Peer 1: 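Quick one: the structure is below, and I'll ask about it shortly.
Note: hydrogens, waters and symmetry copies are ignored here, and every other heavy atom, side chains too, is used. Chain letters run A, B, ... following the sequence lines, proteins first and then strands; every chain starts at 1. Keep in mind the model is a prediction, meaning the values are calculated, not measured.
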Amino acid sequence: MDFRDSPEEAAFRSRLRAWLAENNPGLPVSSTDDEYWARQAEWHTALYDAGFFGLSWPSRFGGHDRPSVFDVILDEELAAAGAPPRPSLGYLVQGITTHGSEAVQERFLPGLISGRERWCQGFSEPDAGSDLASLRTTARRDGDEYVIDGYKIWTSYSDVADWCFLLARTDPDVPKHKGLSAFAVPMHQPGIQQRSLRMINGITKEFGQVTFDGARVPAENRIGEPGEGWRIAMTIVSHEREPGEVGYVARYAKTVKDLEATVRADPGAFRSDQREAVAWAHVQAEMLRLHVRRRLSERMERVDHGPGGSIDKLLMTWVEQTVGAAALSVAGPRALLDGDDVALKIYLYSRAQSVMGGTSQIQKNIVATRILGLPTG
Amino acid sequence: MDTRDTPEQAELRRTARRLARDLGPRTVADLDDDKRKQRLAEAVRDAGWLELRQDGGDGAPLAGGVEAAIIAEALGEAVADVPFAGPLLAADLARRAGARPLEGAVVAFSPDLIGAAVVSGPVTRSRVVAVDCAAAGPASAYVLAPEGDGYRLASLELDGASGGADLTRAVRPLPVGAPLHPIPDQSRLLTGADLEAWAALGLALASADLVGLMRGVLDLSVAYAQQRRQYGVPIGAFQAVQHLLAEARCLLEGAFSAALYPAWAVDQLPPQEACAAGRVAKAYGARAARAVCETAVQVHGGMGNTWDCIVHVHLRRALLSSGWFGDDGEQLRQLQRTRLGVADGLS
């Protein structure tokens, strides 16, 4: 057990720190301001071009073949610099790497990793949220293509996406989990309409809804075999639930750091419960940082696509909602008198964490039945 | 950076868990089995675990905080009724003072359990307590006697019997008026930094104990939920029960991740940083363990509220480990002081 940086890790950390000192784009706190998402692509490509993104992914696709703990260093330094978190698309990389053919990997991974091609994830539908397998969007084979019809919702970044990682029903005659397939669907085509959704904190650039009306996708863009969609979706969501994969630790640590600075400037101006809320948020964020260190250390043995991500997701959710509540507490009446207050937006956005990527209730079902081995009801 | 156990640490983890499981109490009645208790104490002594923090010859301890925490966690998991952290902390304090450890000694704590008792003359307050000591019979406890800028060690003989909330570890009040014995071979005064480094070890061991307790009590609760039937099905099939246990499992994992760091930091980082890591682990672990043990009592239902159901043994032990070196409220107060610049006295 060694928490210290190896010489290689230390060298990487200091290179990254020096780069961040010059290249922090100073974006607003993510998910509190539309400007953040407008400029996120720029941040992605800057991070990538400087050699600081895709650290543990294969170099032939633009990654760096480094041990996964380098992502811990990235998250820690981003937080320390007050820079935006790393783009959270590792779960799509895991899905494509695990299930895509060599040709699919070669075609899609480099653009996904470099940020030159933007992606969204078309899983949820209005009537298929927690019960994802009941989704009704169809993909019908037509020669060398599939024709897509249906409706996706809560699709993050659909407004800027070039590609949609789509889950659709290819076989209506088999049990619901078995009739699904996955596709890389080009978003820029007449059969696709995208509209933004406004989230409860007012931002409009993150959430979308997408209508597929006779949209077409070449059969070679199918990821995995026909009927493999459910397994692919499970691989993806298991990683979408991991803080080590999505890099949110940096976001929480940055908020806590800002809250601490606010209180430190004039401790007497805050009530003891407000100060305690900040101290507790620090404890929670620090726990998650250490938890990610542990998980990514374990990953040096092997990448586990199992149900452990549900534990991580619940931990991450508690952290985000603790941090969000602390931000609201420290802001006090200010957040109530100004509807554009950042603390208010951080707090409101934190309520999404217990829903996105599978609700907390679904995560608890998974932990109970697949990790604790309790009987299914 | 690699937070995994080394092969030696993994082996120690297996050995410690096996020993604690084989010789620890399985039932509340087992707590009265003196022969078993004796075997457990001998096994811990023979394994050399009580000597881990003694001077290895160059001023450094024989084994690291990680190894000590691995054993503490295993003993907590089995609610093992044997002194471990108490004697280990005494040996660690003696080492920092450059003194040979007294056989079987522990450290006396102030009444708030937060730190080592500071005593200038014979003990006048009877609520100064030795923690995790032999339950009865002769034993000694260290106290700190101020001298110049630092502290000199002194020892006291214990005589009272134990009687704390924790049924597996003894707390014994120090006799009022008992004379202080000097520690003649102490070669240097203990500094504030020494005490901070020592407290970091205490926080790490208490946090590890809490992790073990959560692991042990959760295993019992999951097993019970699978076996106990109501409405014709195991109660573990009900989502309401499942979600309680799932939350408990997450709290355990988070507490474990947080507790590894101070155990490592004790020997690797400056005292202040090690202590800060310990405070994070302890604050998280204390709240988590309380919730997990309370869940265990709840899942065990009516049985869980009877003396003969063992889960209250875990809960009681968690209460002592949470309070030892300061509970979650105290850790958050200290973090406010160090991180938010909140001065003492600000309410």
Peer 1: I need the residue from A/V72, A/V69, A/L372 with the largest number of non-hydrogen atom pairs under 4.5 Å to chain B.
Peer 2: A/L372
Peer 1: Under 4.5 Å between any side-chain heavy atoms of B/L62 and B/R53, yes or no?
Peer 2: no
Peer 1: Quick one: which of A/V367, A/L314, A/V292, A/L374 has the most heavy-atom pairs under 4.5 Å with chain B, could you say?
Peer 2: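 The candidate making the most pairs under 4.5 Å is A/L374.
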Peer 1: Given the options B/Y261, B/W264, B/F256, which has more heavy-atom pairs under 4.5 Å with chain A than any of the others?
Peer 2: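 Ranked by contacts with chain A, first place is B/W264.
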Peer 1: Do A/S59 and A/D65 pass the side chain to side chain donor-acceptor pair (under 3.5 Å) test, and can you show the C-alpha distance, the side-chain angles, and the key distance before you say yes or no?
Peer 2: CA-CA 6 Å; A/S59 55; A/D65 287 322; 2.5 Å; yes
Peer 1: Using non-hydrogen atoms and a 4.5 Å limit, figure out which bit of A/E9 sits close to chain B: side chain, backbone, both or neither.
Peer 2: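 Side chain only.
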Peer 1: Of the listed residues (B/L335, B/V222, B/V66, B/D2), which shares the most heavy-atom pairs with chain A below a 4.5 Å separation?
Peer 2: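 It is B/D2.
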Peer 1: Please rank A/E301, A/E298, A/R295 by heavy-atom pairs under 4.5 Å with chain B and give me the top one.
Peer 2: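 Most heavy-atom pairs within the cutoff with chain B belong to A/E301.
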Peer 1: Let me know if A/V278 has heavy atoms under 4.5 Å from chain B in its side chain, its backbone, both or neither.
Peer 2: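 A/V278 touches chain B through side-chain heavy atoms alone.
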Peer 1: Do the rings of B/F238 and B/Y231 sit parallel, tilted or perpendicular, given the 30° and 60° boundaries?
Peer 2: perpendicular
Peer 1: Looking at chain A, which one of B/D328, B/D219, B/V233, B/L245 has the largest number of heavy-atom pairs inside 4.5 Å, strictly under?
Peer 2: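 Going by pairs under 4.5 Å, I would pick B/L245.
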Peer 1: Among A/N365, A/D5, A/V263, which has the most heavy-atom pairs under 4.5 Å with chain B?
Peer 2: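 That would be A/N365.
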Peer 1: Check whether any side-chain heavy atom of B/E196 sits under 4.5 Å from a side-chain heavy atom of B/Q272, and report yes or no.
Peer 2: yes
Peer 1: Among A/A368, A/A265, A/S297, A/G373, which residue has the highest count of heavy-atom pairs closer than 4.5 Å to chain B?
Peer 2: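 Max contact count across the listed options: A/S297.
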Peer 1: Between B/R13 and B/E73, is there a side-chain N and carboxylate O pair less than 4.0 Å apart?
Peer 2: yes
Peer 1: Heavy-atom cut-off 4.5 Å, strictly under: side chain, backbone, both or neither for B/Q268 against chain A?
Peer 2: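 Backbone plus side chain of B/Q268, per the 4.5 Å heavy-atom cut-off to chain A.
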Peer 1: Evaluate the side-chain proximity of A/F52 to A/R86: yes if any heavy-atom separation is below 4.5 Å, no if none is.
Peer 2: no
Peer 1: Side chains of A/I366 and A/I371: closer than 4.5 Å at any heavy-atom pair?
Peer 2: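 No, every pair of side-chain atoms sits at 4.5 Å or beyond.
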Peer 1: Between B/L244 and chain A, which part of the residue has a heavy atom less than 4.5 Å away: side chain, backbone, both or neither?
Peer 2: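 Interface part for B/L244: neither.
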Peer 1: Can you say whether B/Q9 sits under 4.5 Å from chain A via the side chain, the backbone, both, or neither, judging by heavy atoms?
Peer 2: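 Side chain only.
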Peer 1: Is the charged tip of B/R287 near the ring of A/W280: under 6.0 Å from the six-membered ring centre and within 45° of its axis?
Peer 2: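 Judged by the rule (NZ or CZ under 6.0 Å from the ring centre, within 45° of its axis), B/R287 counts as positioned above A/W280.
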Peer 1: Among A/Q363, A/Q361, A/Q321, which residue satisfies the side-chain hydrogen bond (donor to acceptor under 3.5 Å, both in side chains) criterion with A/S354?
Peer 2: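 Exactly one option meets the side-chain hydrogen bond (donor to acceptor under 3.5 Å, both in side chains) with A/S354, and it is A/Q321.
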Peer 1: Go through the atoms of A/R370 and report whether side chain, backbone, both or neither lie under 4.5 Å from a heavy atom of chain B.
Peer 2: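 Interface part for A/R370: neither.
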Peer 1: Tell me, out of B/R339, B/Q226, B/R249, B/E253, who's got the most heavy-atom pairs with chain A below 4.5 Å.
Peer 2: B/R339
Peer 1: Using a strict threshold of under 4.0 Å (side-chain N to carboxylate O), is an ion pair present between A/D75 and A/R251?
Peer 2: no
Peer 1: Under 4.0 Å between a Lys/Arg side-chain N and an Asp/Glu carboxylate O for A/E76 and A/R289?
Peer 2: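 The answer is yes: the pair qualifies as a salt bridge.
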Peer 1: Between B/A225, B/G254, B/A277, which residue shows the highest count of heavy-atom pairs closer than 4.5 Å to chain A?
Peer 2: B/G254
Peer 1: Do you know which of B/D5, B/V241, B/L260, B/L269 has the most heavy-atom pairs with chain A at a distance under 4.5 angstrom?
Peer 2: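 Top count of heavy-atom pairs under 4.5 Å with chain A: B/L260.
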